[in-house]
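Here's the structure we're looking at; comments come further down.
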Amino acid sequence: MTYSDKPRLVFVGNGMAGTRTLEELLALAPDRYDISVIGEESCGNYNRILLSPVLAGEKTIEHIMLNDDDWYQQHRIHFYKGERAVQIDRVRRQVITASGRQIRYDRLVLATGSRPSRIPVPGRDLKNVLTFRDINDVNTMLALSRSKRHATVIGGGLLGLEAANGLRKQGMAVTVVHTADFLLNRQLDATAARLLQHTLEQSGIQFMLNAATARIEGTAEGEVRQLVCSDGRTLKTDMVVMATGVSPNIELADSAGLRCDRGILVNDVLQTFDPAIYAVGECIQHRGQVFGLVAPTYQQARVCANQLAERGFARYIQTPAATQLKITGIHAFSAGQFQEAGSHQVIRFVDQQEGLYKKLVLDGNQLVGAVLYGDTQDGAWFFDLIQQRTNIAPVRDQLIFGKDFCHWPQPASSALPVAA
Amino acid sequence: MTKRSTCAYCGVGCGIEIQVGPEGVTGVQGDTGHPANYGRLCSKGSSLDHTLTLEGRLLHPQINGLRADWPQAIDHVARELQRIIQQHGPDAVAFYVSGQLLTEDYYVANKLMKGFIGSANIDTNSRLCMSSAVAAYKRAFGEDCVPAAYEDLELADLIVLTGSNTAWCHPILFQRIKAAKQQRPGMKVVVIDPRRTATCEIADLHLAIRPGADIALFNGLLQFLAQHDAVDKDYLQQHCEGFNAALHQAREETPDVAAAATRCDLVPADVAQFYQWFAETPRTVTCFSQGINQSSQGTDKGNAIINCHLATGRVGKPGASPFSLTGQPNAMGGREVGGLANQLAAHRDFNAEDLTQVGTFWNAPNLARKPGLKAVDLFAAVGSGQVKAVWIMGTNPVVSLPNAGEVAHALRQAELVVVSDCIATTDTSQYAHVLLPAAGWGEKDGTVTNSERCISRQRAALKPSGEARQDWQILTDVARAMGYADDFSYHCAADVFREHAALTALNRAGPRQLDLGDLAHISDREYDDLPPRQWPLINGSSQTRLYADGRFSFPDRRARLLPVQCQGVKNAVNVDWPLSLNTGRIRDQWHTMTRTALAPPLNAHKPEPFVEVHPVTAARFGLSDQRLARIRSPWGQAIMKVNVTDAMRRGELFVPMHWNDQWARGARIGELVNPVVDPVSGQPESKHTPCRIEPWLPQWTAIILSRHNLPLPACDYAAKIRGARFYRYELASGETLPAFTGSHDLPAFLQQLAGAEAPPPLLYQDQDRRSYRGAWLDDYGLQSCIYLGSGWDPTVTQADRHWLASLFEAGTLDPIQRKALLSGLSPAGVEDCGRTICACFGVGENSIRKCINDLQLTDAAEVGKHVKAGTNCGSCLPEIDAILAQK
Ligand SMILES: Cc1cc2nc3c(=O)[nH]c(=O)nc-3n(C[C@H](O)[C@H](O)[C@H](O)COP(=O)(O)OP(=O)(O)OC[C@H]3O[C@@H](n4cnc5c(N)ncnc54)[C@H](O)[C@@H]3O)c2cc1C
Ligand code: SF4
Ligand code: SF4
């Protein structure tokens, strides 16, 4: 390794946010920094989102690799693969890894992401109680699916359903245990959720709703045997996947004295309380908010890269995020404040025969939320309308039918966002 | 095989060739050999085959709503009639018949009532269209005789069309006039009508006359003719009575052109022009129709016109006659047999000589000795209980009579209401105790007479549907069951016709013109082959014109001019009722639409009931075009779509007469019309009723298109329009929907409105805009769809009816059609972007392929730049690469 006199930039975490920041930076200022990347995972950078299709057997790991070792080399990046950063010495400006390596920085980007949270019930540490976050998890599940029959997924959120779908595709009998009375209760409304549940049931997945897990019981060998709910219902199972939310990885920052709450606190340019240290992705907390989707992460990456390249004054502004469920053949979408409240007005459309459902939530003349099920083609367009705060009054009666049916009268057409 | 017959609709009486295949009627076309039309047909005639549907037909007799067989039904009617006659006398029963009946039907009905039951209470809906003309002819000529023939329209140098929207009501005559005028551009046409109708298209002069002022115009003409030495003094002296008295009256009323113009609210120069042309054109035909006849002074108006023709000797000469155009296909046949309460039979009256002759001929046991009740009085008598039993044949008085609400009320009172009709549910049939299925057009067999006295055969091309029978057969069976078998021994229509012809032959001894004597002994075969012929038919000759020799039908063979005075309309407009309501026909509907509304092509022209109003009047009363308005008169009210048009005079409204409770709600204009009749003819004044109008704001409006024929929903305004493979319903209601306040099961309400079996599987709801839409689809495609909104909801008013209609022919809807369905708008121009590839940005496979092809792209990043696909999470990049690789 040769050291140059360029300022040293170090990334901790080579997940989606960190790498995207790096890519953006390289596009803006390829030679500005001497760059190091410390990544705990034992491979290059891959598209985490696509772990679901990998689990479902629709894609392989190779398909979802974004940047392999060559890429790091090409860009003359020092890539510490499979190394965990354990300490930041802010006085000496160096990061110390688990293997004791000390890596000096002039600027540091923390992109440590988050980790699945396990619900605090007895039996959560039994063998074959898993989570779903990275390639290791996927490989474990794939291996178990070959020898075991019954799988239980705790959590009927996006991740849980994608896991359930993947395991079913691997031939397992899958039950989803969910606390609320409908699935995706933070992404969909009850109507859309029921349609979704119906479709998934048709494909063979079973559901236990309104079910709070009380404990997980194991065999004498310490392997999962059954799951018991607080209302007494039990479920025989050979494996449990907990998909009950994530918590930001803040320990490294916290121990270095950076201000943290649920996530690492950052300002609008993604700086932590130490001006030399930035943070992006799921590990941060910005204006009270933590993140769980890739879209805001990428916006942060752009702002952060701008900052690092010392280009302009980009600021990170939170925008409503749209939700997509990635199960082949199922189209579900939501964005904005799709649970109507107060003065909101609602437009609904259903096509029971085709299993379609759409709901738009309006506040005055603005679209503020949308739920789509079955036909999500216009999701991105609705999402744009929400973000642009477009006045939809002139097209309200056709709005739900999508872009092709809405024509603003001429003078107002400048208000029309550039179509997605 | 083709059958020659005649059109079922207007009084032009066009000849038709019906093509019959093994499966039934395959088409109709004009009969090139028929003298009325020489092969041409108007839109109504051309669509006749569409009406030959079993849909809505009455197929079996019914007694009190239960199916019965014919012997039961005949027996029931005969016994009930006899019971009522026994208890209350013959005048307690009445027949109300129709100009749609064939001459043979008419003849048997008239004979049964006047000769055997013993009352003259038989009247016809022709009362509503030409009884004033009948009375005027009788007063002037001594007999109800139309002196002219259609060819006079081609021979005339001046045609005056007064009170006749010939273009729409007698389309083939209009075409003949138009063609003649094209050939001889010197020919003049004057149209006298308060409205600028379609007929004005060929007018050299249009006089938009004040309603009810016609007598003043023609009195002014008579005075002008006298002043300008244009009267035929010799003719008057040799052939006429009463000229001086008539002229005196005319001079009093309208001494000069200016006076006439003032009375008629016309420009003096226009009036002078008309008078001038009339004075200097010997070959002048004056056609008059409902605009003259339907008036409290209809008979006087007819005589005012005839006066001018007599004064100039222009009667029965080539290209010169007063020519009344009858409305119905066989109004003339009805006049011939005497199917009016104030005639006996065969142009005979109730004088001693006529009574003896007819009574003897019929061998009548109970000959009626005095005129009976005319249409309006007849139903009034039903209402008052004086008439207990009424048999209605082939007509719909609950719609067509003035003050129609009263008629419905009267029928509810009656002890016995018998309705024979070919349609199962009409506004009238719902009051019937006994329903008798009659053969319809295409099944009927007999004769009709058109406006020029031409008798034509109407031949059956089909067997009667279900158990339907010819009207004359039904009447004959009832007569037999009442004990008159010997005098009603007819076996076929020809038997009836021969008897009718023989009766008219009695006229030969006197001055009367009606004489079909030549046909009294024709064989069945000859009857079947009978070519169209104009009566009188004596000694092997047919007569094109009457009275050319100046010898009229009075005993002294002289014609009469009558002094007539213009009294204007009976109920003048006033502060409370400031507008004048006019009614009439539209081009593509017939009468009360029982048949025409079945023909989709005929419903496209004017699909909904409407009121026409001048822009200034519209502004004054706050009306907007294509919105609804409520019209009120002292007698009733109706709701119609407003049509703002400067073809109207200010202060006047025009409403079509056709719509009724089967095809519309709230649009039965008969309810508003004043029950004022002409004192001589008894014809109602349907062309003027004082009224007012105001905008009517619906609480909600809706349209429904359905594959099925639904009962009309009960709301304030409703119109049903039959299209090809669907029905369309336009609805509006003044009541708030419970759904608007949220306290309502909306899907169930839509289900009920659309007559569906389940709530709509496709449903759109915007509760705050109160916009609701639903659709039902099955394996065959679109079943029905409904669009409902509050007030004048633009999604309802702007829903693309043509596109929606086309979906009923589309079979299973494609994804784009299905997506567009509840938008109500045609997706024309919307492309199917294909299977979604990029979910984040909603980019479809087709869009990606198109972009790649159009811009010759080679890598995914470029695709992303142009259509955004793959630029977010990148999960679709592999698929985009795959598409690129295929290239
Ligand atoms: C199965 C699955 C499906 C998903 N689907 C979607 C989707 O459809 N749409 C969507 O918007 N989002 C989806 N997400 C969420 C999305 O993947 C995350 O929002 C995104 O990955 C966050 O990026 P990040 O860089 O902040 O975190 P990560 O991608 O998790 O990256 C953090 C990286 O930092 C490493 N790291 C952590 N601590 C240290 C340390 N101390 N030293 C060194 N390395 C460290 C971790 O090993 C990890 O590789 C999905 C997530 C999963 C697991
Ligand atoms: S003009 Fe009259 S008779 Fe002739 S086709 Fe038309 S409706 Fe029938
Ligand atoms: S989901 Fe597509 S599907 Fe995402 S942009 Fe992401 S790449 Fe397109």
Side-chain angles (χ1 to χ4, degrees), chain A residues 16 47-50 52-53 58-59 63-64 66 293-295 297-298 322 324-326 330-333 343-354 356-360 362 372 375-384 393 396-407 418-420, chain B residues 747 758-769 771-778 787 789 793-796 798-799 815-816 818-836 838-844 847 867-869 871-878 881:
Chain A
M16 301 193 71
N47 187 337
R48 192 173 307 283
I49 289 179
L50 297 189
S52 299
E58 292 162 357
K59 288 191 161 77
H63 281 135
I64 70 165
L66 294 173
L293 290 173
V294 81
T297 301
Y298 281 179
Q324 287 275 355
L325 179 67
K326 288 185 178 57
I330 291 185
H331 304 279
F333 172 94
S343 62
H344 287 161
Q345 303 191 344
V346 176
I347 304 174
R348 270 175 237 276
F349 169 83
V350 289
D351 179 342
Q352 281 170 7
Q353 289 161 337
E354 299 278 293
L356 306 186
Y357 170 74
K358 302 181 190 186
K359 177 172 94 171
L360 301 182
L362 310 180
L372 307 178
D375 171 9
T376 53
Q377 207 189 337
D378 292 300
W381 184 67
F382 290 135
F383 187 57
D384 268 347
R396 176 168 176 159
D397 292 329
Q398 308 302 334
L399 189 61
I400 210 161
F401 302 98
K403 183 173 73 187
D404 291 334
F405 293 86
C406 295
H407 306 288
V418 182
Chain B
L762 272 72
L763 181 66
Y764 172 96
Q765 262 178 286
D766 184 343
Q767 178 64 31
D768 296 277
R769 288 258 306 128
S771 177
Y772 312 103
R773 310 165 206 172
W776 292 260
L777 295 105
D778 61 16
Y787 304 78
D793 188 294
T795 52
V796 178
Q798 288 160 25
I816 299 235
R818 191 173 179 124
K819 182 168 181 181
L821 180 58
L822 290 196
S823 80
L825 299 182
S826 157
V830 173
E831 281 170 28
D832 183 357
C833 48
R835 186 174 56 96
T836 303
C838 172
C840 300
F841 297 117
V843 189
S847 317
V867 294
K868 272 182 132 177
T871 56
N872 189 18
C873 65
S875 22
C876 57
L877 287 174
D881 284 332

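Being a predicted model, the structure only gives us computed values, none of them experimental. Residue numbers start from 1 in every chain, and the chains themselves are labelled A, B, ... in the order their sequence lines are given, proteins ahead of strands.
Ring geometry for A/F383 against A/F333 counts as perpendicular: the plane angle is over 60°, on a 0 to 90° scale with 30° as the lower cut.
Contacts of B/L777 with chain A are made by both backbone and side-chain atoms, with heavy-atom separations under 4.5 Å. With a 4.5 Å cut-off on non-hydrogen atoms, A/D378 touches chain B through its side chain but not through its backbone. The contact between B/A820 and chain A is made by backbone and side chain atoms together, counting heavy-atom distances below 4.5 Å. For A/K358, the part sitting under 4.5 Å from any heavy atom of chain B is the side chain, from C-beta outward, and nothing else. When heavy atoms are compared at a cutoff of 4.5 Å, A/R48 does not approach chain B at all. Looking at A/V350, both its backbone and its side chain come within 4.5 Å of chain B, counting heavy atoms on both sides. Of the two parts of A/I400, only the side chain, counted from C-beta on, holds a non-hydrogen atom closer than 4.5 Å to a non-hydrogen atom of chain B.
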Candidate pair B/Q767 and B/Y772, rule side-chain contact (heavy atoms from CB on, under 4.5 Å), full reasoning: CA-CA 8 Å; B/Q767 178 64 31; B/Y772 312 103; 3.0 Å; yes
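Every residue meeting the side chain to side chain donor-acceptor pair (under 3.5 Å) condition with A/Q353, not counting sequence neighbours, appears here in chain and number order: B/R818. The side chain to side chain contact (heavy atoms under 4.5 Å, CB included) test applied to B/Q798 returns B/P794, not counting sequence neighbours.
Taking every heavy atom of both residues into account, B/I816 and B/P827 meet most closely at CG2-CB, 3.5 Å. A/H407 and A/D404 get closest at one heavy-atom pair: NE2-O, 3.4 Å.
Ranked by non-hydrogen atom pairs under 4.5 Å with chain A, the options B/L825, B/D768, B/L821 are led by B/D768.
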